[in-house]
2 protein chains.
Amino acid sequence: MHSLVASASPVTNMHGLYLVADRGLSATGPVQHFAQNESIFSEGEAAEVFLKVTSGMVRSYRLLDNGRRQLDAFHAKGDVFGLEFGTEYNLSAEAVCDCTVVAYRLPKLEAQATIHDFLWQQLLSYMASALVQAKEHKKLLASRSAIEKIAGFLIEQSRLHQNGGVVQLLMSRTDIADYLGLTVETVSRTFAALKLLQLIEFSTARDIEIINADGLHQLCR
Amino acid sequence: MHSLVASASPVTNMHGLYLVADRGLSATGPVQHFAQNESIFSEGEAAEVFLKVTSGMVRSYRLLDNGRRQLDAFHAKGDVFGLEFGTEYNLSAEAVCDCTVVAYRLPKLEAQATIHDFLWQQLLSYMASALVQAKEHKKLLASRSAIEKIAGFLIEQSRLHQNGGVVQLLMSRTDIADYLGLTVETVSRTFAALKLLQLIEFSTARDIEIINADGLHQLCR
DNA sequence: CGCCGAGTTGACCATGTTCAAGGTGGGTGG
DNA sequence: CCACCCACCTTGAACATGGTCAACTCGGCG
């Protein structure tokens, strides 16, 4: 389903909607580079552009009054982020690792009449991708145990960053914790538990080898 | 923000997008009625139409292999649901209480060229609403304690179903539990705790009077 | 070498789940 | 009209899980 939405060639479905890839949008400038942990935009800033990841990974998050941080999403290559429906960004975005992004600007209000069908389709496609991602994330957040969340998270990541059976995690344990609503300690312990169960293997903390994919799937149901 | 998206008159924002209410869609038939707990559609069925609530409330949910149920959303009057980007519904939908809905069908593939701008805007608006709702839901699911979740849930509900300071909950404790990733027992105990803290009051389980709204807001941060 | 951030591990404690039992209220049938 | 039922809600006690606090390891880097 996700691949459908992100597909480069037009595809259709029962509702008759085409979902297409980049057409009708022009970048506002060259590709921008951001160093690890560098801020891309912050909550409350004027949302003048939206962005697409061309390499690396971006996290968008919200800081709560109580000092906790909630990660809303990880954005990998090809993902669009910062597309807002208010005048300001309602999340902050930072580079998870060194990364590059392109910025886009929508046609101005007065030019709205000239927005073409394929641009609407384009926007709709971005929204649909975001919605699918949000639903996946909700599935993880609603799990009742840490082991289900981490198993689900690893499966999610393995779909994106699989290099010959090894999943390259670009984010820190803290990032994972804030994404799943857990603490760093629990994340760490749960990775250890999965290793004990012989479902995964790892020498370095961020290169996870999936030994038993079926077992992982069983956990996250 | 939510009100912006659902607004009946066109509004604009920094990105220059109009978000509009119903235009360009025709219902496939008369308003349909569903009795409490009646199924509207099920996961896996062909997604031939999408629907809008005209009265009452609908829940969409997913059943997991382990027997648990995850509520994806409550849909109140005006909310659109069942708008899929695959050929089948990926959730099931049921009436929370007696309710009425209208069904819509998108123009067929061959007629796609005739989809007008305002229809694209319309669809985009639905997607945006769904995305905003999903983000709110994620905020609740990521909370670390039951009391934060319930407080946030009550605030969410009070924005929809406030009748003179009293929030009318249309759904059961079980529904709330499955929506927040808790057990019925915890939901019940947490309502009792909020009552003890003098933040809410209730004689019947589903008519919740909010005594101290500020206190509730403080809890969910 | 020493520092520092990231990750891990342990012990203790708070919170939520589980299992079990009891209330409560609306609806039905005698 | 009352008695009964059943679904829904509440409450209690024991237990499991994850959070908290603290110490320790590891690897990179000046």
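First the proteins, then the strands, lettered A, B, ... as listed; each starts at 1.
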Q) Has B:Arg173 got a side-chain N or O lying under 4.0 Å from the OP1 or OP2 atom of D:dT10? A) yes
Q | Protein-nucleotide distance (B:Asp175, atom CG; D:dA7, atom P), rounded to Å | A | 15 Å
Q: For B:Ser172, report the nucleic acid contact type (base, sugar-phosphate, nothing); a contact means any heavy atom under 4.0 Å.
A: sugar-phosphate
Q: Could you verify whether a donor N or O on one side chain and an acceptor N or O on the other, from A:Arg59 and A:Asn37, lie under 3.5 Å apart?
A: yes
Q: Starting at CD of B:Gln218, measure out to CG of B:Leu199 and round the result to the nearest 0.5 Å.
A: 9.5 Å
Q.
Please report the distance, rounded to the nearest Å, between NZ in A:Lys149 and P in D:dT17.
A. 15 Å
Q: Report yes if a side-chain nitrogen or oxygen of B:Thr183 is closer than 4.0 Å to either non-bridging phosphate oxygen (OP1 or OP2) of C:dG16; otherwise report no.
A: no
Q) B:Ile150 CD1 to C:dT15 P: how many Å, rounded? A) 16 Å
Q) Can you check the A:Ile147 CD1 to D:dT17 C1' distance for me, whole Å? A) 12 Å
**Q.** Distance test, side-chain N/O of B:Arg206 to OP1/OP2 of D:dC9, below 4.0 Å
**A.** yes
Q) Atom CG of B:Leu182 to atom P of D:dC9: distance rounded to whole Å? A) 15 Å
**Q.** Options D:dT10, C:dT8, D:dT11, nucleotide nearest the side-chain atoms of A:Ala205
**A.** C:dT8
Q | Pair B:Glu94, B:Tyr61: side-chain N/O donor-acceptor within cut-off below 3.5 Å | A | yes
Q | Upstream residue (5' side of DNA chain D) when A:Ser145 and B:Phe202 are each assigned their closest nucleotide | A | B:Phe202
Q.
Can you tell me whether the side chain of A:Arg144 and the base of D:dG18 have a donor-acceptor pair closer than 3.5 Å?
A. no
Q) Whole Å only: how far is the CD atom of B:Glu185 from the P atom of D:dG12? A) 14 Å
Q.
So that I know where these two stand, are B:Phe74 and B:Tyr179 an aromatic pair - ring centroids less than 6.0 Å apart?
A. yes
Q: In whole angstrom, give the distance that lies between atom CG of B:Leu180 and atom P of C:dT15.
A: 18 Å
Q: Mind calculating the distance between CZ (B:Arg189) and P (C:dC19) to the nearest angstrom?
A: 13 Å
Q) Taking OP1 and OP2 of C:dG16, is either one under 4.0 Å from a side-chain nitrogen or oxygen of B:Thr186? A) no
Q.
Can you confirm whether the side chains of A:Gln122 and A:Tyr104 place a donor and an acceptor under 3.5 Å from each other?
A. no
